[in-house]
Amino acid sequence: VSTQSTGTIHCSQYYRLRHRKKMPVVIYCHGNSGCRLDAQEALNHLLNMEISVVCFDFSGSGNSDGEYVSLGFFEQDDLEAVVEYLRKNDQTTRIGLWGRSMGAAT
């Protein structure tokens, strides 16, 4: 996913092995000094309820572009880009958010 302000954001999406074509999605937003791998805590809970999980590295974190973390200010743009991508995706019915620390503040 690309943003106007910082560049490329690296994302991962998880589904159950057998899943419906259209399903709800929860976007997991990691905390400061974290990355998209932190979503592991939510995966079992959500996948068992047949909810897909999208996690991403905020700009300046993990594998995403960006020089620094702004503790939520510019990370809003990253989250908005992921939401827009999912809204255009024909497989998403509803979108929820799960945030940890800085991710919850974003």
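Any value given below was found using the heavy atoms of this structure, including those in side chains, with hydrogens, waters and symmetry copies removed.
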Transitive ILVMFWY side-chain link L46 to L97, under 4.5 Å: no
H10 (side chain) donor-acceptor with D57 (main chain) under 3.5 angstrom: no
Point-to-point distance, once rounded to the nearest 0.5 Å, from OG1 of T92 to OH of Y85: 8.5 Å
Verdict with reasoning, L86 to I27, per side chain to side chain contact (heavy atoms under 4.5 Å, CB included): CA-CA 10 Å; L86 290 171; I27 302 170; 3.7 Å; yes
Shared hydrophobic cluster for V26 and V83 (ILVMFWY, side-chain gaps under 4.5 Å): no
Heavy-atom donor-acceptor pair, Q76 side chain to F73 backbone, under 3.5 Å: yes
Student check: side-chain heavy atoms of F58 and I9 closer than 4.5 Å: no
Reported OG-to-CG distance for the pair S59 and L79, which is rounded to 0.5 angstrom: 11.5 Å
Side chain to side chain contact (heavy atoms under 4.5 Å, CB included) evaluation trace for T8 with S64: CA-CA 6 Å; T8 302; S64 291; over 6 Å; no
Rounded distance (nearest 0.5 Å) linking atom CD1 of I51 with atom CH2 of W98: 9.5 Å
Distance, nearest 0.5 Å, that separates CD of E75 from OG1 of T3: 10.5 Å
Identified side-chain contact (heavy atoms from CB on, under 4.5 Å) partner of H30 from the options C55, S61, S101: S61
Minimum heavy-atom distance between H45 and E41, given as atom pair plus value: CD2-O, 3.3 Å
Student check: side-chain heavy atoms of R100 and Y28 closer than 4.5 Å: yes
Heavy-atom closest contact (V69 atom, M102 atom, distance): CG1-SD, 3.4 Å
Separation of R36 CZ from Y14 OH (nearest 0.5 Å): 7.5 Å
I95 and R87, any side-chain heavy atoms less than 4.5 Å apart: yes
Considering all heavy atoms, the nearest Q91-N89 contact: N-OD1, 2.7 Å
Closest non-hydrogen atom pair, V1 against C11: CG2-SG, 3.8 Å
D90 and K22, any side-chain heavy atoms less than 4.5 Å apart: yes
Hydrophobic cluster identity match, F56 and L71, side-chain contacts under 4.5 Å: yes
Considering all heavy atoms, the nearest S2-A81 contact: O-CB, 3.8 Å
Between CE on residue M23 and CE on residue M49, distance to nearest 0.5 Å: 10.5 Å
